[in-house]
Every structure is written in structure tokens, then in C-alpha cells.
There are 2 protein chains.
Amino acid sequence: MRMGLPESVHRDIRELHLFRDMVESHFADLMRGAYVQNFPPQIQLISEGETSDFLHIILSGSVDLFSTWNKRETSMATVRPISTFILAATIRDAPYLMSARTLTKSRIALIPSQDVRAVFDADNAFARAIVAELAQCYRSMVKAQKDLKLRTSLERLANFLLRQQIQSGGAATFELDFEKRHLAAVLGMTPENLSRAFKGLQPYGVEVDGMQITIADPKDLAGFAKPNPLIDDHST
Amino acid sequence: MRMGLPESVHRDIRELHLFRDMVESHFADLMRGAYVQNFPPQIQLISEGETSDFLHIILSGSVDLFSTWNKRETSMATVRPISTFILAATIRDAPYLMSARTLTKSRIALIPSQDVRAVFDADNAFARAIVAELAQCYRSMVKAQKDLKLRTSLERLANFLLRQQIQSGGAATFELDFEKRHLAAVLGMTPENLSRAFKGLQPYGVEVDGMQITIADPKDLAGFAKPNPLIDDHST
DNA sequence: GCAGAGATTTGATCTGGATCAAATATCGAG
DNA sequence: CTCGATATTTGATCCAGATCAAATCTCTGC
């Protein structure tokens, strides 16, 4: 399985903020030990509590970060291409706080954690890029926490739909890109309740047909959802 | 109010992980524009949405990081000496995601954000220390999120008490170091419910007398609380 | 195309925690 | 030390969301 990365993958990774500005030879150091693997859906990639062996980069597909305690399970985030995950554990050489599993067929690049830490010590541009990335991750987590603590499940769904609509181009009708069971877990509710929550948004012009969502009047829905960039804008 | 920092404060700050390894002259650059201010309790220091003017370092007292949306408010974290807060916003030059207010009389050092960013660009040891700090902050937030999503309020209180007991030396009897109203906010419940939650822990040997808590048998309480380092150990 | 497994929806009920109201305790200022 | 303000506790009730049960629906592999 271990082999040199295809040149195209090499280029895709190099374009990530995290690797864009680093010295070429350092980047080559990272790529030397890296490899790419394809995974079927529903494969557990990492388990919380283990120590970090590889920095993961998702090239295609989607990955669920989740966590369990006392037989309960919750979904913490969904990772999409092209981005890294579990960077903090890799850098601190600390145990994973979350587990990861593929949601769909996924292509993932793996870079040995010790290589990442070695290059981090040697390459200042890389160290700075990691700062930017971690600050971003931190802020995303703060936003998620606010979403959860300040909003009801109906409000979380409404804001999620508004974000999703923008992300998929802004058309009135768009597709959910994962199954409702998983959406429920992400929003911190049960599938049954998600189903009812969709009904609860009908008065605000939300129509559901399978995976297809139509928001008749985003203004109307936003009046209820009260989106706020300090919670919903995941880019800053 | 603006003036050179007292030498003792200078030393205290220099000892923080964040500043320990940086070049002396860069540290001096940071201290040049810095100043210290004393605040009475219940003073709002920063408001979410504003852009970051200063990196804050709490020298004594305690500060509540909180957030509001749609007339609701929640407490996100409590900051204690000696540590920094709102580092991520400062580094990214992005709006604060949380507001901050003093809980008690507090002494706080302020370093202009632009100085922090300038030194960050120039000093590699500082950049690396920021990585470690941000990774830590990120992981703390993940733990808080897990605590909230995976546990009931009774379980959160039980684990909080066990952590607090260890932190205050491990004696069976110890003091809460903030008022219950605030503890309720931190644990994500109402004061009324906190009061009932304390009652609910009586069967596990928790006795409450004002601010004084006695845990008769930590083993017994832990049997209920099921503490887990991946949630409760805030040091890794 | 069809069977069967899994996903989603619907209905009924239960429960943790919030809210409202009021009593009691605590603390700081004078 | 006492008053008044604020914090905490207690009781009653309410509500969001979970759980349990069962009825569809929708894929996927054959």
C-alpha cells in the first residue's frame, strides 16, 4: 500500500493553505513518507484515545468526527475535501479526542505525525500556517458550541439550511449532501426529532422531498432563524 | 493609565509558555506597548463582534467568557491567572466570538494586537509557542463540547466536583471558588436546577454547605460520574 | 423486477431540565 | 447590628426533545 504519491495528489495538497508557503524541500520531506488510501463507507479510521500516528488529509468523500462516552455517541463535525483533520493531536503528540469514520467512499492521504512535527520545527512558514489553521479550527468549535448552547433544535436546523443553501449556490432548491440520520447527529438531535423539525419549518416555507430541500423565501426563514456571522459564518 | 509595566509583572508574563522561549528583544517589543489595568467585578472587557485590539493576560482575579444570541446568554469558559485569552481572534485579526467580563476584581495586562501579530511574524519561537497554546485551547473546547453533548447536567456537575476537588488539593472538603449562579451558567443549566442537582448527588456522598463541598467517598461519586481523561483532563 | 434491510416518518408517551412563584438564606453597607 | 439587596433553595408546572413502537418508504444486491 505504501508508495509515492501520484503527482496530481501532490499538487492538490501543496495548494492547501497549510502547505502553500513552506519550503519545497520540506514539503518533499512530508510527501516522502506519505501515502494515499481509498476507504469504503463506514470504516473507522481512528479511535479516540489512541495517539496520533498520521495527519490525515481528505482528498475526496466525507468523514465524520464523532465521540463516545458511557455508551452514548455524538457527532462533532463533518470533514470534507480538501482539508486536514486531527491536526491539534498531531502537533501536540497527544491522544485523539475524537474518532473518525468515513461517511462515503473516501480517498485519504496520510502523513506520518513525526514527519509533521519534524518539519514544523524546521519550517517557519509551515509553523505559521499551522497557527492560522488551528485558530480557524478553534473558532469553528466555539461557533459550534454557541450554536448548541444558544439555540433550540428548530433554530439550529433553520440556520443549517440557510448555510447549506448558500453553500450549494443559492438556488431555492438544493440537495442535502448527507443522509438525515447523520444530519440529526450533527445538529445534536434524534432522527425522529429532525423529521418533526422539518415539519416545524413548513410555516416558514421549507419544503422537503427526500434529499431535496426547497426554501420558498429565504428572507422569511431568516426572520425565524436569525443567522449571525459570529455563529454561522464558518469562513472567518 | 498607559505606562511601562512593573518589573514583577514583566517577569510573570515572561514565564508563561507563550513567551518563555522568544527572543528577548522581541519580548521587549511586546512589553513596550503593553500596560496593566485593574478592574472591579462585573466589568465588561470586550464585546463579541468587535475586532481584536489587545491580547489580554489575566494576572489576578477571574474572567468569564460568555456569548449572547437572540437575547439568550451562555457562559463559555472561565479564565484564571496566569493565562491569556482571545489569542485566536488576535492572531487572525478577526472579530471576537465571545464577550468577556470580570467576575471578581481583576488585574489584566493588555498587549496591542498589532504588536502581537508583528512579533509573531518575526519570532519563530513565539510562533511555535502560539501553536502549542492554540492547540491546547482547541482541545479544551472539544472537551467542553463533549461534556455538553454526551452528559446530563447531573453528570456534568459530578465530574466538575471531582475535577475541582483534585485541583484544590484533594481534601475531602473544599471550597467552590465562584458563586453558584455562575457555576450553573458554566455547566449549562439554571441555578434552580443546579440546586436540585446537588441534592441529586447526595446519594453519592456529596454534602453542600454554602460554598463548601464535601465528597465523602470520591470512589463512589466517580462510579456515577465516570470521569474520562479525554473529557475531564484539561491539561493535555 | 423484487425481496429484504435499512432509513424515514408518524404517533404515543416519558423525562430532563426550564420557567414561574415564593420562601429563605446570605452578605455588604451604613 | 440591622436593613435591604441579592443569591439560593423549594415547590409547582410546563415544554422541548428523547424514547419506544410501528408504519411506510427507499434503496441495493441479486
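Quick note on labels: first sequence line is chain A, next is B, and so on, each numbered from 1. Please read these numbers as outputs of a predicted model, since none were measured by experiment. Computed over heavy atoms, backbone and side chain alike; hydrogens, waters and symmetry mates excluded.
Summarising the local packing, NE2 of B:His234 is surrounded by more than 12 heavy atoms from other residues, nucleotides or ligands at distances under 6.0 Å.
Residue B:Arg156 contributes atom CZ, which lies 11 Å from atom C1' of C:dG16 at whole-angstrom precision. One atom, NE2 of B:His182, and another, P of D:dA7, lie 13 Å apart when rounded to the nearest Å. Residue A:Asp209 contributes atom CG, which lies 20 Å from atom P of C:dA7 at whole-angstrom precision. Separating the NZ atom of B:Lys149 from the P atom of D:dG17 is a distance of 14 Å, rounded to the nearest angstrom. Rounded to a whole Å, the CE atom of A:Met211 is 16 Å from the P atom of D:dC25. C:dG6 atom P lies 19 Å from atom NZ of A:Lys180, rounded to whole Å. A:Glu192 has its CD atom 18 Å from the P atom of D:dA16, to the nearest Å. Between the CG atom of B:Asn193 and the C1' atom of D:dC15 there is a distance of 13 Å, given to the nearest Å.
Distances shown here put every side-chain N or O of A:Thr190 at or beyond 4.0 Å from the OP1 or OP2 atom of D:dG17.
Heavy-atom distances to DNA chain D give each of B:Arg181 and B:Arg196 a nearest nucleotide, and the one nearer the 5′ end belongs to B:Arg181. Remark on DNA chain D: of its neighbouring residues B:Glu179 and A:Ser153, the 5'-side contact belongs to B:Glu179, judged by nearest-heavy-atom nucleotide.
Between B:Asp232 and B:Arg151, at least one side-chain N (NZ, or NE/NH1/NH2) sits under 4.0 Å from a carboxylate O, which counts as a salt bridge.
Note on ring orientation: taking the six-membered ring where Trp is involved, the planes of A:His56 and A:Phe85 are tilted (angle from 30° to 60°).
If you check every strand for non-hydrogen atoms under 4.0 Å, B:Gly188 touches sugar and phosphate atoms only.
With hydrogens and angles disregarded, a donor-acceptor distance shorter than 3.5 Å links the side chain of B:Thr102 to the backbone of B:Ile43.
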